[in-house]
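Letters A, B, ... mirror the listed sequences (proteins, then strands); counts begin at 1.
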Number of protein chains: 2
Amino acid sequence: MTDETTDELMSATYRALCKHGYADVTMQDIADETDKSKAALHYHYESKHDLLLSFLDYLLEEFTTRLATVSGDTPTERLHNTFDAVLIPQDGETDQEFRTAILEIKAQSPYDEAFREKLVEFDQRLFEHFRDLIAAGVAQGEFRSDVDPDTTANFFVTAFNGAQTRQAAVGHPVEQTQRVLERYVETRLVTVEDTEVTPE
Amino acid sequence: MTDETTDELMSATYRALCKHGYADVTMQDIADETDKSKAALHYHYESKHDLLLSFLDYLLEEFTTRLATVSGDTPTERLHNTFDAVLIPQDGETDQEFRTAILEIKAQSPYDEAFREKLVEFDQRLFEHFRDLIAAGVAQGEFRSDVDPDTTANFFVTAFNGAQTRQAAVGHPVEQTQRVLERYVETRLVTVEDTEVTPE
């Protein structure tokens, strides 16, 4: 399969998932988003499950690239830009539907070892990204020396999961979580002047 | 229906959800957990959806009672005990499966207005519980005066959602989140002596 075909099929899968949700989407729905037949799709992928696994791989690669290209001159800036890159919808309406499809896949994870492995990889990549940024901040003296990179990174990944779940389940805006995390970085990580930490 | 019958049916629903998951559980599976027939179940509930809505109401009542009976002499103690009450599994293995079923229901929420309304109520109850505790702590001078009860309560609810999702999807232990939240209370909310906030 050429890269272009892969890209086309993956974009079609994305659109079909947004329209129909994980549980209801069919190979036919995905084929309908391309100029290919359902039979042609089955030539490349044995089943819907097979195609969705490839789709998760594709997303994981995109996610990894997005994390690797987060810009910023300092660890603080790169942390803020990471929150922005992973939390904030890239294309409005569709993103909300996509988030829901991902939540459906997460809810399948305990029943589906192959899905679970991919989800663990996503979790691990985001964790490592945060951990390395925080460790760099500590090493450079920008973050307090008593900050534990592992614990803090894990907490950020948990907050990210919570923001996604709450947005999908009850419509709570992710921007609120983003602001609290930014403030957390400023008040708990960054080495501060005394005036900022004195209780009022 | 007597209270006893309700309790029996709700316990049966809980067990059936843990065994089969939300998507696959049937009225027959639930009947199999009782000494009643499927027909008898249908006498009380029109459909599986109808029964699950009643089940969510039942859980909501339990959850509200659990929050209302959180003990502790001070707001800090009551916050710690709340983390314990809502985050930590009550019965091990089953709880993990139940958490997954709840995640499946959350993932249905965007497609199901009736489920969504219940989930919004859960979210709101937990939010209000945290907000009132934090506001009490600020009013009593136990928490810093610059702590915003709304923002902090929202953050705790998000962290709670994240801990649940991550536990179900990738097996990340909720206890880690609990420890970070406890530390957050100590360092960000409680009025501290200078020595504790001086960067090392």
Those residues of residues 67-78 of chain A that come under 4.5 Å of chain B on a heavy-atom basis, listed by number, are none
Least distance between heavy atoms, [X] atom then [Y] atom:
X	Y	result
B:Pro110	A:Ala168	CG-O, 3.4 Å
B:Thr165	A:Thr165	OG1-OG1, 2.6 Å
B:Ala169	A:Ser109	O-OG, 2.5 Å
B:Arg116	A:Gln167	NH2-O, 4.3 Å

Among the clusters formed by ILVMFWY side chains lying less than 4.5 Å apart, do [X] and [Y] turn up in the same one?
X	Y	result
B:Leu189	B:Val180	yes
B:Phe143	B:Phe83	yes
A:Leu60	A:Leu52	yes
B:Leu103	B:Phe115	no
B:Leu9	B:Tyr14	yes

Around atom [atom1] of [X], are there more than 12 heavy atoms from other residues, nucleotides or ligands closer than 6.0 Å?
X	atom1	answer
B:Gln28	CD	yes
B:Lys48	NZ	yes
A:Glu4	CD	no
A:Glu128	CD	yes

Distance from [X] atom [atom1] to [Y] atom [atom2], nearest 0.5 Å?
X	Y	atom1	atom2	result
A:Gln164	B:Thr158	CD	OG1	11.0 Å
A:Thr100	B:Lys106	OG1	NZ	13.0 Å
B:Thr187	A:Tyr184	OG1	OH	6.5 Å

Side chain, backbone, both or neither: which part of A:Arg179 has an atom under 4.5 Å from a heavy atom of chain B? neither
Counting only non-hydrogen atoms closer than 4.5 Å, does A:Glu117 touch chain B with its backbone (N, CA, C, O), its side chain (CB onward), both, or neither? neither
B:Ile102, B:Ile105, B:Val120: which one forms the most heavy-atom pairs within less than 4.5 Å of chain A?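 Answer, by heavy-atom pair count under 4.5 Å with chain A: B:Val120.
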I'd like to know if the side chain of A:Arg166 and the backbone of B:Asn154 have a donor-acceptor N/O pair within less than 3.5 Å.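 Flag set: sc A:Arg166 to bb B:Asn154 pair under 3.5 Å.
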Given a strict heavy-atom distance threshold of 4.5 Å, which part of B:Gln108 is in contact with chain A: side chain, backbone, both, or neither? side chain
After noting the C-alpha distance and the side-chain angles of A:Tyr111 and B:Glu104, does the key distance pass the side-chain contact (heavy atoms from CB on, under 4.5 Å) rule? CA-CA 12 Å; A:Tyr111 311 115; B:Glu104 285 183 271; 3.3 Å; yes
With ring-ring contact (aromatic ring centres under 6.0 Å, His included) as the test, would you mind laying out the steps for A:Phe155 and B:Phe155 before giving the verdict? CA-CA 12 Å; A:Phe155 188 54; B:Phe155 189 55; 5.7 Å; yes
Top residue by heavy-atom pair count (under 4.5 Å) with chain B, among A:Thr151, A:Val157, A:Thr152, A:Thr177?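 The candidate making the most pairs under 4.5 Å is A:Val157.
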